[in-house]
Amino acid sequence: MKSVKKSDFASLVKYLADDQEKNERVAVTSVTNCESIDLSAAVIEVTAVQGMNTRAESDKTYHSMFKFLTLENQQGNR
């Protein structure tokens, strides 16, 4: 039986922020509930906080919020 690997927050952010040479990908990223609004600094902060959590045995990367705009909303915000 294959064991389930716990997620890696830094890898998740890298995957989400990578344009993967596509025209339609993540247009905007934002950081909340961190000291920094810089994505790279936030990854360091979140990873450090996760490392301080010694009680949790489950996956510590579990909460993300995604907002998918319709084409009409995207064009209206320009």
Sequence-distant partners of Thr54, side chain to side chain contact (heavy atoms under 4.5 Å, CB included), two or more places apart: none
Table please: side-chain donor-acceptor pairs of residues 9-18 below 3.5 Å, with sequence neighbours left out.
{"unit_1": "Ser11", "atom_1": "OG", "unit_2": "Asp8", "atom_2": "OD2", "d": "2.8"}
{"unit_1": "Asp18", "atom_1": "OD1", "unit_2": "Gln20", "atom_2": "N", "d": "3.0"}

Those residues that, when tested against Asn53, pass side chain to side chain contact (heavy atoms under 4.5 Å, CB included) (two or more places apart): Arg55, Ala56, Lys60
Any side-chain heavy-atom pair of Val31 and Ser36 under 4.5 Å: no
Apart from Met52 itself, residues in the same hydrophobic cluster as defined by side-chain heavy atoms under 4.5 Å: Val49
Ser40: side chain to side chain donor-acceptor pair (under 3.5 Å) partners, not counting sequence neighbours: none
Short side-chain to backbone donor-acceptor contact, Glu45 and Glu35, under 3.5 Å: yes
CD1-SG distance between Ile44 and Cys34, expressed to the nearest 0.5 angstrom: 11.0 Å
